[in-house]
Amino acid sequence: MARARAKKNAAATQEMTTGEAAVGALAAHGIGAIYALPGVHNDDFFDALARSSETIRTVHTRHEQGAAYMALGAALATGKPQAYCVVPGPGLLNSSAALLTAYGMNAPVLAIVGQIAQQDIGKGFGHLHEIGDQAGIIARLVDWSARIRSPEEAPRLIARAMQSMFVERPGPAALECAIDIWGRSGPVRPVAPLPLREPAIDDDAVKAAAKRLGAAKRPLIVAGGGALDASAEVTELAHLLQAPVLSYRRGRGIVSDRDPLSVNLPLGRELWAEADVVLGVGTHLHMPLLHWGIDRNLAVIRIDSDPQMPARIAKPKVALIGNARPILRRLLDLLPAHNIRRKSRADEMRERHARMQKRLAKLAPQLAYLSAIRAELPEDGIFVDEVTQLGFAARLAFPVYRPRTFLSPGYQDNLGYGFATALGAQDARRDVPVLSITGDGGFLFTATEMATAMRHRIALVTILFNDGAFGNVRRIQQERYGNRLIASDLANPDFVKFAESFGAAAMRAASPPELSQALRAALARRDGPTLIEVPVGEMPSPWEFILMARVRGGETKPRRRG
Ligand SMILES: Cc1ncc(C[n+]2csc(CCOP(=O)(O)OP(=O)(O)O)c2C)c(N)n1
Ligand SMILES: [Mg+2]
């Protein structure tokens with residue numbers, strides 16, 4: 001037996017370089033594209049990519065942040081692991097805001113980062129791109145990281161990195177590899193993808209949850225990014241309980257906005273004030289617990305794959321640890337035995353939506369543009385949000401019908417993430433249209449990636465709302481700082497000419513009807529990028545619908561946004 005196994009292993013073992021071993025292992029884990037910016041540290045890895053271009057496409061960008069955001073967008077749009085590769089030091093740091101965002105969004109992004117020669121690491125010789133304690137910097141950005149030290153190690157470390165992105169707290173991982181290691185040859189044995197261990201479901205805890213939810217008079221569900229793969233289960237549970245489902249940024253589309261039980265942030269807050277039991281699925285519950293408050297008449301139940309998360313802000317009555325989908329399935333099995341008879345809340349919720357729509361009408365300029373977009377973007381089209389006036393309004397009022405069709409940056413809320421993230425989403429999902437919205441401020445963070453869109457024929461449609469300002473900052477200065485404006489006005493290029501100079505299609509639309517027309521033409525074009533510039537004025541503030549005062553447990557002031 002042992003001899004037969006040894007023979008089989010020897011047969012599977014092949015002499016190859018670390019770069020070749022890594023490329024083989026990435027392909028074996030379903031990586032079909034690598035977003036990258038080359039440099040001498042990784043030349044041997046890129047050469048291995050060149051020799052495997054049929055299995056893995058290499059999409060090169062114009063800045064490392066573009067590569068990392070593209071990997072993030074591809075991961076968010078597909079739910080599957082994606083990889084990017086950069087040189088050490090400045091390359092890593094240029095990509096770091098996107099890696100941080102991937103961490104905040106639990107996105108399976110693998111960063112492959114070069115290193116100086118292995119024996120010189122930590123010696124401060126002043127090598128090209130040398131940085132002190134690169135591994136330590138990486139370890140603060142991801143939960144799992146390692147350095148590949150030999151060809152033999154590459155398949156096993158890639159398999160472990162891939163596994164780490166989906167177990168416990170999901171999220172990005174990183175692998176370093178030194179300049180002298182990528183090209184080194186040795187005997188390499190492939191490693192099959194490692195199993196994604198699921199923690200055993202705690203049946204007593206599920207039963208306790210089923211009893212509390214089943215008896216609840218005013219249950220509420222809050223769905224975050226961790227519930228994206230449990231859309232059917234969350235929807236079924238909501239119906240059984242007649243519980244409204246609140247989603248804000250990451251959780252949009254888990255329950256279709258055609259369902260009257262799907263509610264936005266301000267309506268969710270009203271319902272939070274009335275609720276006796278709340279189930280949080282894959283969410284920090286940040287706004288509800290920290291802004292809206294909690295008291296002893298509200299029992300909180302949490303489902304989270306991160307064992308540390310549920311007790312962080314306030315200890316829940318029941319914590320269920322693991323993937324949302326199997327846990328919700330078990331909960332759905334047990335609930336009917338405990339569920340009280342319930343009347344449909346559809347009419348009540350429709351009325352409440354209508355009242356909320358009236359309040360939201362204050363955001364008329366944003367809403368008019370959003371309805372023009374919704375009418376043109378097909379239901380399975382992907383809308384990529386930004387930290388801009390249209391984005392803030394979209395989180396509250398853009399109807400979303402399916403999970404993973406509304407990409408929003410999560411709690412980092414980092415300006416400038418949108419355009420390159422959307423490019424990655426469109427690159428990975430060439431079968432559906434992707435639409436990026438952006439302000440004039442956010443767009444220029446990664447606008448140079450228009451060259452990437454041209455080079456790799458990415459048919460992304462971008463709508464740029466140009467108010468000549470960091471409008472959100474300017475409005476805060478007007479309202480709170482006696483109109484003392486500082487650092488918020490912008491000198492902009494001619495965006496249409498700018499896009500055209502890359503060879504992209506570009507046009508201007510000055511009203512919602514003009515936008516509809518431009519968008520229809522843009523979405524019909526599938527051979528390259530389009531930019532639509534929409535000149536706009538100052539827009540009404542959305543903040544009264546986002547930062548809202550406490551409704552439970554004393555204190556009434558809303559927290560200020562820093
Ligand atoms: C990385 C990062 N830097 C700074 C900010 C602060 N910030 C939030 S909104 C904003 C202005 C956005 O301007 P623009 O993209 O033009 O959108 P507008 O508000 O004008 O619609 C800034 C600077 C941020 N959120 N993220
Ligand atoms: Mg602006």
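In this chain, numbering begins with 1 at the start of the sequence shown. When a ligand or atom number is given, it counts from 1 through the structure's own listing order.
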Numbered atoms of ligand 1 (with element) below 4.0 Å of Thr388, judged on heavy atoms: 17 (O), 18 (P), 21 (O)
Minimum non-hydrogen distance to atom 8 (C) of ligand 1, winning option of Thr101, Leu100, Val387: Val387
Between Asn414 and Tyr69: side-chain donor-acceptor atoms closer than 3.5 Å: yes
Region of Thr438 engaging ligand 1 - heavy atom pairs below 4.0 Å: neither
Metal site the Mg ion (ligand 2): N/O/S of Ala469 inside 2.8 Å: yes
Side-chain donor/acceptor of Thr61 to backbone N/O of Gly66, under 3.5 Å: no
Check: Ala33 main-chain N/O paired with Gln82 side-chain donor or acceptor under 3.5 Å: no
Atom indices of ligand 1 within 4.0 angstrom of Val473 heavy atoms, with elements: 10 (C), 22 (C), 23 (C)
Heteroatom of Asp467 nearest to the Mg ion (ligand 2) (N, O or S, atom name): OD1
Polar side-chain atom of Arg269 near backbone of Ala549 as donor-acceptor pair, under 3.5 Å: yes
Distance filter under 4.0 Å to Asp467 heavy atoms, resulting ligand 1 atoms: 20 (O)
Ala469 heavy atom under 4.0 Å from ligand 1: yes
Centroid separation His284 to Tyr411 less than 6.0 Å: yes
Donor-acceptor under 3.5 Å (Arg475 side chain, Met539 main chain): yes
Working for salt bridge (charged side-chain N to carboxylate O under 4.0 Å, His left out), residues Asp380 and Arg429: CA-CA 11 Å; Asp380 57 358; Arg429 290 293 313 273; 5.8 Å; no
Backbone N/O of Met105 and side chain of Arg250: donor-acceptor pair under 3.5 Å: yes
Contacting atoms of ligand 1, where contact means under 4.0 angstrom from a heavy atom of Gly441: 14 (P), 15 (O), 16 (O)
Residue selection (non-hydrogen contact nearest atom 22 (C) of ligand 1) among Asn414, Leu390, Leu444, Leu415: Leu415
Donor-acceptor pair, side chain of Arg249 and main chain of Arg395, under 3.5 angstrom: no
Shortest reach to atom 15 (O) of ligand 1 by a heavy atom, considering only Ala487, Ser488, Gly442: Gly442
Asp440 atom (N/O/S) at minimal separation from the Mg ion (ligand 2): OD1
Residue Asp440 vicinity, atoms of ligand 1 by number, heavy atom under 4.0 Å: 16 (O)
